2 protein chains.
Amino acid sequence: MTTENATLSTVNHPSVEAAHDAISDGLERDALVTVFGRCTVDYEGRAASRLEAGDRHVMLKPDGATLVHTDEGQQPVNWQPPGCDHDVRRVRADGADVLVLESLRSTPEERLLVRFTDVLQVSAFSGTDESDLSLSGTEADLRTRILDEPDLLEPGFSPLATERDTPAGAVDVYGEDAAGRTVVVELKRRRVGPDAVSQLRRYVDAVERDLHADAAVRGVLVAPSVTDRADRLLAEHGLEFVSLEPDPG
Amino acid sequence: MTTENATLSTVNHPSVEAAHDAISDGLERDALVTVFGRCTVDYEGRAASRLEAGDRHVMLKPDGATLVHTDEGQQPVNWQPPGCDHDVRRVRADGADVLVLESLRSTPEERLLVRFTDVLQVSAFSGTDESDLSLSGTEADLRTRILDEPDLLEPGFSPLATERDTPAGAVDVYGEDAAGRTVVVELKRRRVGPDAVSQLRRYVDAVERDLHADAAVRGVLVAPSVTDRADRLLAEHGLEFVSLEPDPG
DNA sequence: CAATTCATCTCGTCG
DNA sequence: CGACGAGGTGAATTG
């Protein structure tokens, strides 16, 4: 039995002053702070953006992340990555009180400014979350599947190494076929396009140079399926394809 | 002057029944609904995942998106894309009332289940947001910069087409150099690695086949900078690099 | 719908 | 800190 110790402080339709104090308190307590209201958003850093006034949901995380969400889309319309310093201020502009949220970071230098003219709610949540996500169906699961049963790739295949380093990067699975030829395997958990073929090609080229032998190195792309263009590219480059997916488990 | 018509309904420390009703009302009104409390999360679809009990922030958007956020990270720990049907139910489990949120979609078939044992707050926000994000510093801005001033690429360069189709995909900028040689340009808004070099290579190969001529086609990568490995790859493939970034404007 | 590619991609891992 | 590649990538655009 767990002791429930999550806490909430919240205020509805606050004045700019009350909103400022609630946010400031939340940040100080390392809470997850949310603000909903009418705001403009300016970003400057790796790129630059401006968003005119609208009603949005802003989340300030204790790790420094900021998210600005509209009522549409999975992605925030504006954001700042973890590692920022959050700041909240009251500013007098055009004869009205404005609430300003600033999230600032360096490397790269970038800044997000959210200016609220109306705030409907400020909430500050504290809680505990010790759990890590357990995920299956990843590329690692596909690799495990092949290592457990190498014949899934082809009869007689012998894996020799995973993540084998080459001048072009790490090869997912490196092994030998029944005839003793070197095989480079690139894994993808989902249907692949031309980019994956190019990636495999780079690895095969690198391994061929590494072995500085004339012995041809086989390249095998393992994925649930390939697009037409990728299939043509595979043929052009003398590469192979094996259809396989991560375990549903 | 805009009429402020954003609305909020919210309830703190609700019973499971009260939480259910508040969420149900919010979904019906196409509001942006948030729930904070202790929950487990299960996902099954393109992959599968489980997250044990913890305190998290869940957002249900009227477009069907679902986001589950912990107090860390820019990305949600679990989610569902827009286009889902949201459902909320009360379930009796282990002698306790549990609040269940389900977000379901097809193509692909996938489902997210969030089970709350404790709810600290439910809020439902409605508002208006007509504004689109105005963003600068994108790859499109870099293209504009080169089209406006082709000499930035090199003296005498003449752009002939953008997004020119080839069997390998669309070439960012297609043109001729001062000597009349065909030039394929690949643009990247930021520092590039080996993948961008491979991409350019595919396009150059495709254009050479397309022209089925022996006339060598030049490939130029335009980006702020390249990594070591990418630089080596460029040299191996006889490709060129020009350092340029999108306008800071 | 599928295919392709960009992204302020984010995130983890490794040197 | 940078480099590299995976991701349930998402999002836009185009057949």
Side-chain angles (χ1 to χ4, degrees), chain A residues 43-49 65-68 72-83 105-112 133 135-143 163 165-166 168-172 186-196 199 202-203 225-231 246, chain B residues 43-49 65 67 72-83 105-112 133 135-143 163 165-166 168-172 186-196 199 202-203 225-231 246:
Chain A
Y43 161 76
E44 194 160 349
R46 288 169 287 176
S49 73
T66 303
L67 302 168
V68 182
E72 288 185 341
Q74 175 175 341
Q75 296 304 125
V77 63
N78 265 139
W79 69 91
Q80 200 69 300
R105 75 157 179 165
S106 23
T107 341
E109 192 88 16
E110 49 187 356
R111 179 183 19 187
L112 187 73
L133 183 73
L135 180 68
S136 64
T138 64
E139 183 181 303
D141 295 320
L142 181 54
R143 178 173 58 225
E163 303 299 327
D165 250 340
T166 75
V171 169
D172 282 341
E186 174 62 28
L187 307 173
K188 293 296 171 190
R189 68 168 303 280
R190 62 171 189 174
R191 183 173 174 85
V192 295
D195 51 335
Q199 195 184 342
R202 290 204 306 271
Y203 295 156
S225 58
V226 290
T227 65
D228 276 358
R229 222 177 248 174
D231 202 30
Chain B
Y43 161 78
E44 194 159 347
R46 286 170 288 175
S49 72
L67 302 169
E72 287 185 341
Q74 176 175 338
Q75 294 307 124
V77 64
N78 263 140
W79 69 93
Q80 201 68 300
R105 76 157 179 165
S106 24
T107 340
E109 191 90 13
E110 49 187 355
R111 179 181 17 188
L112 186 72
L133 183 73
L135 180 68
S136 64
T138 64
E139 183 181 302
D141 294 319
L142 180 54
R143 178 174 58 226
E163 303 300 326
D165 251 339
T166 75
V171 169
D172 282 341
E186 174 62 28
L187 307 173
K188 293 294 170 191
R189 69 168 303 282
R190 63 170 191 174
R191 182 173 175 87
V192 295
D195 53 335
Q199 195 183 347
R202 290 204 308 272
Y203 296 154
S225 58
V226 290
T227 66
D228 277 358
R229 208 123 73 174
D231 203 30

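Quick note on labels: first sequence line is chain A, next is B, and so on, each numbered from 1. Note that this is a predicted model, so its numbers are computed, not measured.
- Heavy-atom distances to DNA chain D give each of B:Pro82 and A:Ser106 a nearest nucleotide, and the one nearer the 5′ end belongs to A:Ser106.
- For D:dG5 and D:dT9, the C1' atoms lie 12 Å apart once the distance is rounded to whole Å.
- The interatomic distance linking A:Asp231 (CG) with C:dT4 (P) rounds to 11 Å, in whole Å.
- Considering every non-hydrogen atom in both B:Trp79 and B:Leu67, the closest pair reads CB-CD2, 4.1 Å.
- The CD atom of B:Glu109 sits 12 Å away from the P atom of C:dC1 (whole-angstrom rounding).
- Under the 3.5 Å distance criterion, the side-chain polar atoms of A:Gln199 are left unmatched by any main-chain donor or acceptor of A:Pro194.
- Nucleotides of DNA chain D that come within less than 4.0 Å of any heavy atom of chain A span, from the 5' end to the 3' end, D:dC1 to D:dA11.
- Among the atoms of the strands shown, only primed sugar atoms or phosphate atoms (P, OP1, OP2) are found under 4.0 Å from some heavy atom of A:Arg202.
- Close to C:dT4, at under 4.0 Å from its OP1 or OP2, lies a side-chain N or O of A:Arg229.
- One atom, CZ of A:Arg143, and another, P of C:dT13, lie 12 Å apart when rounded to the nearest Å.
- Closest approach of A:Ala65 to B:Gly73, counting heavy atoms only: CB-O, 4.3 Å.
- Remark: the backbone N or O of B:Ser225 is not paired with any side-chain donor or acceptor of B:Arg191 at under 3.5 angstrom.
- The minimum heavy-atom distance between B:Leu135 and B:Asp141, with the atom names listed, is O-OD2, 4.2 Å.
- Here A:Glu163 lies out of heavy-atom contact (under 4.0 Å) with every strand.
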Evaluate the salt bridge (Lys or Arg N to Asp or Glu O under 4.0 Å) criterion for residues B:Glu163 and B:Arg143: first the C-alpha distance (whole Å), next the side-chain angles of each, then the deciding distance (0.1 Å), finally the verdict. CA-CA 10 Å; B:Glu163 303 300 326; B:Arg143 178 174 58 226; 2.9 Å; yes

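- Residue whose closest nucleotide on DNA chain D sits further toward the 5' end, between B:Asp165 and B:Ala230: B:Ala230.
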Could you list the protein-to-nucleotides 7-9 of chain C atom pairs, N/O on both sides, closer than 3.5 Å?
unit_1: C:dA7; atom_1: OP1; unit_2: B:Glu139; atom_2: N; d: 2.9
unit_1: C:dT8; atom_1: O2; unit_2: A:Tyr43; atom_2: OH; d: 3.2
unit_1: C:dT8; atom_1: O2; unit_2: A:Arg46; atom_2: NH2; d: 2.6
unit_1: C:dT8; atom_1: O2; unit_2: A:Glu110; atom_2: OE1; d: 3.4
unit_1: C:dT8; atom_1: O4; unit_2: A:Asn78; atom_2: ND2; d: 2.7
unit_1: C:dT8; atom_1: O4; unit_2: A:Trp79; atom_2: N; d: 3.3
unit_1: C:dC9; atom_1: OP1; unit_2: B:Arg190; atom_2: NH1; d: 2.9
unit_1: C:dC9; atom_1: OP2; unit_2: B:Arg189; atom_2: NH1; d: 2.6

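- Within 4.0 Å (heavy atoms only), B:Ala168 reaches sugar-phosphate atoms of the nucleic acid but no base atom.
- Atom P of nucleotide C:dC11 and atom CD of B:Gln75 are separated by 5 Å, given to the nearest angstrom.
- The closest donor-acceptor contact from the side chain of B:Ser106 to the backbone of B:Pro108 lies at 3.5 Å or more, if one exists at all.
- The gap from the P atom of C:dC11 to that of D:dA11 amounts to 15 Å, rounded to the nearest Å.
- A donor-acceptor pair under 3.5 Å is absent between the side-chain atoms of A:Arg189 and the main chain of A:Ala140, judged by distance alone.
- A:Asp231 contributes no side-chain N or O that, together with a main-chain N or O of A:Thr227, makes up a donor-acceptor pair within less than 3.5 Å.
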